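Within every chain, numbering begins at 1; the chains are lettered A, B, ... in the order of the sequence lines, protein sequences first and strands thereafter. As the structure is a computational prediction, the values presented were derived from the model and not from experiment.
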Amino acid sequence: MAKATFVVPALRQYPQVPAVTPGTMAHSAPFVAKPEFQAPLGFPGELADDWQAQAIAKMGELLGKYRSLRVYMDSCVKCGACTDKCHYFLGTKDPKNMPVGRQDLMRGVYRRYFTLAGRIAPKLVGATDFTKEVLDDWYSYFHQCSQCRRCSVFCPYGIDTAEISMAAREIMDSIGVGQKYCNEIIGKVYTIGNNLGLPGPALRDTLEGLEEDVYDETGVKVRYPIDQVGADILLVTPSADFFAEPHVDGLIGYGKVFHEAGVSWTLSSYASEAANFGMFIGSYENMRRISLRIREEAIRLKVKRIIFGECGHAWRVAYSFLNTLAGPWDFLDSRYPVPQHICEFTYDLIQQGKLTFDKTQNDDKILTYHDSCNVARGSRMGDQPGGQFDIPRAIIKAVCNQFYDMDEDTIRKRTFCCGGGGGLLTDDLMELRVKGAQPRVEALNNVMQEKGVTHMAAICAICKSQFTKVLPYYGMEMDQIVSLHQLVSNAIVLTPREDDEDDEDDDDSQALDDDDSESVDEAA
Amino acid sequence: MADTIDVNGKQIAVDEEGYLANLNDWEPGVAEVMSKQDNIELTDEHWDIIKFLREYYEEYQIAPAVRVLTKAVGKKMGKDKGNSKYLYSLFPYGPAKQACRFAGLPKPTGCV
Ligand code: SF4
Ligand code: SF4
């Protein structure tokens, strides 16, 4: 692990609200997007002389478009209920990371230009001119909000700071101040098809490798197909599932579940990304462009169903907005939900008794489960209220013998963000990510001490990557975070098919890892 | 992070995160200088991985997935080394990111 250049917060047995310390995170700001990352998204490359007028005009446009934004700006009564609910405040002590403090950054500007009192007597109503200093504060602190919506659960008026952050980022993008991490990535989706920039041949190579590995381990030929026209199911999953650990172990699990279900399925190299960073930057237009790729592929591949892999915000976008963004989906099979979550699919099979598990395969682990914010507070699963909490837990309990939940104030609807959501999963924000993870890691540490928990499962690519990186700062191991379908993968009993025995070597792939491969030899 | 690094007297441009600005500028000296910045002494094992990354990139225009890399390392250096723990012991900032930087590859982006 890299050495920390900041103080890693302590983990305690009982959470404490820290003493407010202004300015602790004023220095934190992610890299700004260069003009070349702004243009493909339809944003100007840099600040123009009249940026202030542009920003105010954009704000007026958003206030007109989203009624909720104006309500949020007007309705806060400063009751204080939200102040200690944000993981970034708890981990950094910075009052501008209190949800109401964050909102006030926009509220001051709103009052100045969009309320009568603010226009006449700005000082009296806390109204502020939109100066460069205020813009810098916006850039810093609206990139210290993971849009997790935990605060909104506790606000008596339901004020959603996530939406305010999204609007702030949209305003900044519209005047040429974008965040490098999000905007470079969205550009890659447009040119290559996914956040990582994995081209088709690399995807195929990786998937062929997985088929080999699963066959070597189990003796059963599980397939990981891509771009197969006429498959029943299109699986859309975060590209991290191809690339990173423990994500890929989850992808292996999805394939095994499809194998046992006996359905035909395919991935797509064109729609090789479930994530939709358009939401993080509050840009409806970019969110739509990303979603439309899924529609185009569903049509081209002639599939009947769409299933999403383990990705938190992708599921929120899919569950809540896919129809508006890229519908209607009348060409899909109406007997199935559009879209469906892989957890719903696996859970249904478990209910029908179609999957067999050997739970002892997970006996080396004692599990807990991290509810990802966008699944917990931005969507549902199944047909029962609370399904987004119960279904993942039911799957874990079906495949593992030992499971304990973390403190109830930190799970389900009140779950703490991993600290890396909302477009903040970037190395230039590592201090923020480590500090913001503190409430979650503290709750994890407590079940480790009290119940002997060894591993935490999650169904979000961002959460998995974030914990892999931040757990070591707290003295834990990176592989304590696991994919939910990795647990399924470990326990599932595979049914061999007839063709599994005829072991004709599939030598058409993997030049890389044959012992006599040139590429490896040259590396010696 | 400086905007250029000095490689045997040659000024080579890097981006704000320390990755090469132009991938074609790579030469072994780049890895030497970057590893010194990170206080890492490059061993033969480091070089094997750097070379593998460069070859994979040449073919696929992207860094190999972690599993592809660990598998190749396992075949080459022995099964006990074919895992990310071993790669992290060589590249503490992560094989995907730190090793890619030394090898002159672009930084992997996304949810990784
Ligand atoms: S949405 Fe989440 S990160 Fe943003 S202010 Fe609220 S609690 Fe904090
Ligand atoms: S809980 Fe709601 S009303 Fe109360 S201070 Fe926070 S944002 Fe304002």
Would you indicate whether A:Asp216, at its atom CG, is surrounded by more than 12 heavy atoms from other residues, nucleotides or ligands within a distance under 6.0 Å?
yes
A:Glu46 and A:Lys34 ion-paired at < 4.0 Å
no
Nearest 0.5 Å please: distance from the CG atom of A:Leu424 over to the OG atom of A:Ser146.
6.0 Å
Is the shortest heavy-atom distance from the side chain of A:Met478 to the side chain of A:Lys469 under 4.5 Å?
no
Closer than 4.0 angstrom, basic N to acidic O: yes or no for B:Glu41 and B:Lys36?
no
Only heavy atoms, only distances under 4.5 angstrom. Which residues in residues 236-243 of chain A are near chain B?
A:Ala240, A:Phe242, A:Phe243
Under 4.5 Å from any heavy atom of chain B, what part of A:Ile252 do you find: side chain, backbone, both or neither?
side chain
Comparing B:Leu69, B:Thr70, B:Asp38, B:Val112 against chain A, the one with the most heavy-atom pairs below 4.5 Å turns out to be B:Val112
Per-residue contact mode, B:Lys107 against chain A (heavy atom under 4.5 angstrom)
both
Does the pair A:Glu245/B:Arg67 count as a salt bridge with the N-to-O cut at 4.0 Å?
no
Less than 4.5 Å to any heavy atom of chain B: does that hold for the side chain of A:Asp249, its backbone, both, or neither?
side chain
Going from OH on A:Tyr224 to OH on A:Tyr254, what distance comes out if it is rounded to the nearest 0.5 angstrom?
11.0 Å
Considering all heavy atoms, the nearest B:Ala31-B:Ile50 contact
CB-CD1, 4.1 Å
Contact class of A:Lys180 relative to chain B, heavy atoms under 4.5 angstrom
side chain
Does the side chain of A:Cys417 reach to within under 4.5 Å of the side chain of A:Cys373, using non-hydrogen atoms?
yes
Is A:Glu184 close to chain B through its backbone or its side chain, or both, or neither, when contacts mean heavy atoms under 4.5 Å?
side chain
Residue among B:Pro108, B:Ala65, B:Ser84 with most heavy-atom pairs under 4.5 Å to chain A
B:Ala65
With a 4.5 Å cut-off on heavy-atom pairs, point out which of A:Thr468, A:Asp427, A:Asp428, A:Leu210 contacts chain B the most.
A:Asp427
Using non-hydrogen atoms only, which part of A:Glu477 is less than 4.5 Å away from chain B: side chain, backbone, both, or neither?
side chain
Any luck finding a side-chain donor-acceptor pair between A:Glu431 and A:His27 under 3.5 Å?
yes
Would you mind checking which part of B:Pro106 comes under 4.5 Å of any heavy atom in chain A, side chain (CB onward), backbone (N, CA, C, O), both or neither?
neither
Angle between ring planes, A:Tyr473 versus A:Phe6, binned at 30° and 60°: parallel, tilted or perpendicular?
parallel
